[in-house]
Amino acid sequence: MTSTAQRQVEPRYDAVGIDRKWQERWENDGIYHVDDADPRPKWFEMTMYPYPSGDLHIGHWYAMAPSDAHARFRRMQGYNVLHPIGFDAFGLPAENAAIARGIHPYEWTMSNVDNMRRQLRSLGAIYDWDREVVCCLPEYYHWNQWFFIKLYERGLAYRAQAPVVWCPSCQTVLANEQVLNGVCERCDTPITRRDFEQWFFRITDYADELLNFDTLEEWPEKILTMQRNWIGRSDGVEIGFDISDYSLEEREIRTFTTRIDTIFGVTFLVLAPEHPLVSKLTADSRRADVEAYVDQARAASEIDRLSTEREKTGVFIGAYARNRLNNERVPIYVADYVLTTYGTGAVMGVPAHDARDFAFACKYRLPIRTVIAPIEWDGSEPIDAYVGPGFMTNSGAYDGMTDTEGMKAIADEVERRGWGHRAVTYRLRDWLISRQRYWGTPIPMVYCDHCGVQPVPESELPVLLPEDAEFRPTGESPLAINESFVNTTCPKCGGPGRRETDTMDTFMDSSWYMLRYCTPQYADGPYEPDIASQWMPVQQYTGGAEHAVMHLLYSRFFIKSLRDLGMLDIDEPFLRLFNQGVILGSDHEKMSKSRGNVVNPDDVVGQVGADAVRCFLMFIGPWDQGGPWSDEGINGVVRWLNRVWNLTENDAGQLDNHPTDATAVRETQRILHQTIRKCYDELDKFKFNTTIASLMELVNHLSRIWNDQSVDSGTWRESVEKFLLMLAPIAPHVAEELWERTGHVYSIHQQAFPAWSDDLAAEEEITLVVQVNGRVRDRIAVSAGVDDALAKELALSSERVQAHVNGKALRNVVYVPGRLVNVVVG
RNA sequence: GCCGAAGUGGCGGAAUGGUAGACGCGCCGGUCUCAAAAACCGGUGGGAUAAUAUCCCGUGUCAGUUCGAGUCUGACCUUCGGCACCA
């Protein structure tokens, strides 16, 4: 908690009053109202919308204040800026509150939204509240349903029985991404599996396009890597192993491998426990063991099954398959290290060249045959799987080829003989969108005994969430026990029908909310196409890196689907992405109630005003690195804003009673223009900390010249005016107040950012650093235009340099123009 | 285990291969005050030294490239983030 004992510096102005005064005036005057018809170039900058948890955390401020400063900077650069805000208002916490405290999710959510609106206003951001989006309202989720039907009609939404991840504590199905190390991301309960009929979006159809980041302008490389890994494209070969001896319908076991060059090293095959051939191939003598193993594998909790530490287990099923390349008969095992959901659910075991197969072969004493010889291999027994490059051996006609050559040659032969084909698999799965919950968008589908699954007609949308619902922590959606919701008529035959009772994943909402911001009140569709295409795509998106994969990948997929539905003509939703870091407690630990290191922004803002908090958050360090809050540190910016206030209160006319020092005027001009240039550059790159540092340097300089009374009033007024303009994006209230007090016309936020002149910013004199053997020995003030010969001459004639040269032989003299001379002796 | 990022004063952090420590916090000294706080002025990496003269050491560790390395290269150590049987 923050205490006044630690924060001793108080604003010397009425910070809270000024915040309120200007927030009200800006709102009444509508100066942040965004006009679609404004002819200036557009700039669409968004920060990830918050979940309405009830209170605005300092972390929200850390995400939003700098992004507002950046958007304001763009505004002052002459752009028509759309920097909207909204609420990610569907989701589990509202429903948990309903279960725990008997408050309806709608009431809980909307009262939180009200409170957070008030808190967000205290930021003093340029949000246009007429564009607010709250996605739990029917005006919003109507279009989730509409999109769902469009995707369904195009075959991008489908229903399938699938083993899904289930959290026994949250009583809900989880997406793969919501599982961390086998436990529920939310409550840390070990997860289990269940089979459900679920709705999916066919994101895997877009896997390859999602791997193409070419049209993005500036995304962190880290995020691209995470998305690449998440999609996990593998190029390989699907190859069949012959089981025709068993007279089954299936003549072969299909396996997928990225190392077809190692096929002569196959000494066994492994099927996933869920593989349909397991029961068909199992020999009677092995059946009891195999069934016991499969049952145990099914029952094993996900936490065990996903652990890489766990010893590999499996059982022989008493059957063999034939490797067509060398006609060898290899035993077939069932083992749970093979996943049914990836590839073909069956793998060829090559222990010599795969770590997992190696471990398995060691345990079950299966032969290990080297087929890729390391470059300097002595023919000895391998002690571990060799996965590096080498020459093929024990591989018949392919012996002597490199692994790369062999890979191609064998794939060619496999395809020529029809034993298999080159194939691509992905780690990415289709997007499971169903949630067995109340507080989400109802999936607009109806089940009819005669007509099957039918979409609700567009004219009947939205399918409203019923207000009366009973919240019981069963496994089912509360919608399922709501008779008046469930019972409906079939849109096709008019007979009795039952509504789908699952609701949509909330990532559906965030997949297209940027489109809704363009025309938030539009009633004839999710967005007005002309206006949306004018704003889209979002040029700058900012938010936490925790959304690197799910939200950003889903949204990219969604926009591509809309494009393919002919509803948009862009490829990507967000052109530039910037991830801010995490704000920590003053103990350098993650903020948490249990640690007692949580900073409540309302308290701090109530003491020092919004601008001091904004400035301090930006001053802590680089925005993408996050950093610790500091109750002492904020003194620095409060003190600085006080000094700014003092400077503007000075009566400039007083300066004309003193003689003007031309050098001081010139220096002031130079520093002012250097500062403008620096701010321009650094605000653009989100380098708020160094922007503020250089503004502080300017203020320090202005304090000095005021004390000296060394410049004329014109120079002073110009410096103060331009300084205030640079302050405006980061400290909008104080800048506006001082703008008014210095006699300027309202509003500073409708002015242009100051321009600089390179000529005025140029240095006339520089400090020439003189080194001897790389060590600084002297500093000489010289004209900035000093030439090579003169610089070297001045350096060599320096007494201090001579003392170190000390008669030693001169080897070299290096001159770096405008910087230094290095005299090399020895 | 694999992938990625980062290690700089007491603290947060600055530094196009060219004066390491900008800016700020904290601390020390001074001015003002009966006193304190605030404010203002000055100082503040470590060491030797009477010295704000001068010199030496110093950006996780060890090598290397270079006239010159916090910055580039290689190996290692530590911390943080992501992925984790994906065949």
Side-chain angles (χ1 to χ4, degrees), chain A residues 8-10 12 180-182 220-223 225-226 228-230 232-234 236 255-259 262 270 305-310 312 335-339 341-350 353-357 359-360 425-429 545-546 548-549 581-582 586 588 615-616 619-622 624-637 639-640 642-643 646 687 689-697 699-700 703 707 767-779 800 803-804 811-826:
Chain A
Q8 293 162 336
V9 182
E10 300 296 330
R12 56 150 307 193
L180 301 170
N181 292 324
E221 197 52 49
K222 177 187 157 183
I223 303 292
T225 304
M226 284 168 75
R228 255 181 228 115
N229 293 342
W230 192 261
R233 179 184 161 120
S234 287
T255 65
F256 174 77
T257 179
T258 54
R259 291 297 303 273
T262 63
V270 191
R305 197 153 166 196
L306 285 176
S307 168
T308 40
E309 307 302 313
R310 201 172 66 115
K312 308 252 174 302
D336 65 7
Y337 78 89
V338 174
L339 307 178
T341 47
Y342 184 81
T344 59
V347 305
M348 56 185 222
V350 185
H353 305 290
D354 180 279
R356 296 152 301 180
D357 298 343
F360 191 78
T425 50
Y426 301 89
R427 206 189 81 110
L428 180 73
R429 313 290 159 77
E546 67 273 18
V549 177
V582 177
S586 46
H588 293 55
C615 288
F616 180 61
F619 187 62
I620 288 174
D624 54 350
Q625 280 171 36
W629 174 265
S630 163
D631 290 316
E632 295 88 49
I634 199 167
N635 283 335
V637 289
R639 205 171 274 149
W640 178 58
N642 282 344
R643 274 153 59 86
N646 289 346
K687 291 164 80 176
N689 58 327
T690 50
T691 299
I692 293 175
S694 56
L695 289 175
M696 285 175 169
E697 287 186 81
V699 168
N700 290 345
S703 300
N707 288 344
T767 302
L768 186 69
V769 172
V770 186
Q771 299 180 329
V772 177
N773 288 348
R775 312 175 88 104
V776 178
R777 298 301 180 187
D778 202 2
R779 296 175 174 88
R800 288 176 186 162
H804 284 92
R811 291 249 175 104
N812 194 9
V813 182
V814 180
Y815 174 53
V816 182
R819 289 199 168 268
L820 65 65
V821 173
N822 188 11
V823 178
V824 186
V825 296

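As the structure is a computational prediction, the values presented were derived from the model and not from experiment. First the proteins, then the strands, lettered A, B, ... as listed; each starts at 1.
Distances shorter than 4.0 Å separate none of the side-chain N or O atoms of T690(A) from OP1 or OP2 on G13(B). In terms of phosphate contacts, R427(A) brings a side-chain nitrogen or oxygen within less than 4.0 Å of OP1 or OP2 of A84(B). In terms of phosphate contacts, N822(A) brings no side-chain nitrogen or oxygen within less than 4.0 Å of OP1 or OP2 of G18(B). Taking only side-chain nitrogens and oxygens, H353(A) never comes nearer than 4.0 Å to OP1 or OP2 of A87(B). Between H588(A) and G12(B), a side-chain N or O to OP1/OP2 separation shorter than 4.0 Å is present. Residue N646(A) places none of its side-chain N or O atoms closer than 4.0 Å to OP1 or OP2 of A39(B). Contact between the side-chain N/O atoms of R800(A) and the OP1/OP2 oxygens of U54(B) is found at a separation under 4.0 Å. Proximity of R639(A) to the phosphate of C25(B): a side-chain N or O atom is located under 4.0 Å from OP1 or OP2. For the OP1/OP2 pair of C56(B) and a distance below 4.0 Å, the side-chain nitrogens and oxygens of R777(A) include at least one atom meeting the criterion.
Taking the P atoms as reference points, A14(B) lies 12 Å from A6(B), given to the whole Å. Nucleotides G70(B) and G17(B) are separated by 13 Å at their P atoms, to the nearest Å. Here the separation of G9(B) from G4(B), taken at their C1' atoms, is 29 Å to the nearest Å. Separating the C1' atom of C3(B) from that of G13(B) is a span of 28 Å, rounded to the nearest Å. Spacing of P atoms, A15(B) relative to G24(B), comes out at 15 Å, to the nearest Å. On the C1' atoms, U73(B) is 35 Å away from C85(B), given to the nearest whole Å. Using atom P as the reference point in both A69(B) and U78(B), the two lie 28 Å apart (nearest Å). On the P atoms, G46(B) is 33 Å away from G81(B), given to the nearest whole Å.
Contacts of D357(A) with the nucleic acid, taken as non-hydrogen atoms under 4.0 Å apart, are absent. Across all strands, R643(A) comes closer than 4.0 Å only to sugar-phosphate atoms, never to a base (heavy-atom distances). Using a 4.0 Å heavy-atom criterion, one finds that Q771(A) contacts the bases of the nucleic acid, with or without backbone contacts as well. Using a 4.0 Å heavy-atom distance criterion, S630(A) is classed as making no nucleic acid contact. When heavy atoms are screened at a 4.0 angstrom cut-off, V816(A) is found touching base atoms of the nucleic acid. Using a 4.0 Å heavy-atom criterion, one finds that I620(A) contacts the sugar-phosphate atoms exclusively.
In this structure, the CD atom of E546(A) is 19 Å from the P atom of C80(B), given to the nearest Å. Atom pair N773(A):CG and U66(B):P shows a separation of 15 Å (rounding to whole Å applied). Separating the CZ atom of R259(A) from the P atom of C85(B) is a distance of 20 Å, rounded to the nearest angstrom.
Counting only N and O atoms by type, the side chains of Y426(A) and S234(A) include no donor and acceptor under 3.5 Å apart. Side chains of N229(A) and R427(A): no donor on one and acceptor on the other come within 3.5 Å. When only modelled atom types and interatomic distance are considered, W629(A) and D631(A) share a side-chain donor-acceptor pair under 3.5 Å.
Both G633(A) and N689(A) sit near RNA chain B, but only N689(A) has its closest nucleotide nearer the 5' end. Residues M226(A) and V824(A) both approach RNA chain B. Their nearest nucleotides, taken by heavy-atom distance, put V824(A) toward the 5′ side.
A5(B): Watson-Crick or G-U partner is U79(B), with both key distances under 3.5 Å. Shown here, A69(B) forms no base pair; nothing in the strands shown gives a Watson-Crick or G-U wobble contact with both key distances under 3.5 Å. Searching all strands for a Watson-Crick or G-U wobble partner of G17(B) with both distances below 3.5 Å returns nothing. The base-pairing partner of C55(B), taking Watson-Crick or G-U wobble contacts with both distances under 3.5 Å, is G47(B). Across all strands shown, C34(B) has no partner, as no Watson-Crick or G-U wobble contact with both distances under 3.5 Å is found. Look at C62(B): its Watson-Crick or wobble partner, with both distances under 3.5 angstrom, is G74(B).
Residue side chain R819(A) reaches the base of U16(B) through a donor-acceptor N/O pair under 3.5 Å, judged by distance alone. No hydrogens or angles were tested; on distance alone, nothing pairs the side chain of N812(A) with the base of C67(B) as donor and acceptor under 3.5 Å.
Taking the ring axis of F360(A) as reference, the NZ or CZ atom of K312(A) does not stay both within 45° of it and closer than 6.0 Å to the ring centre.
In this structure, R811(A) places its CZ atom where only 12 or fewer heavy-atom neighbours from other residues, nucleotides or ligands lie under 6.0 Å away.
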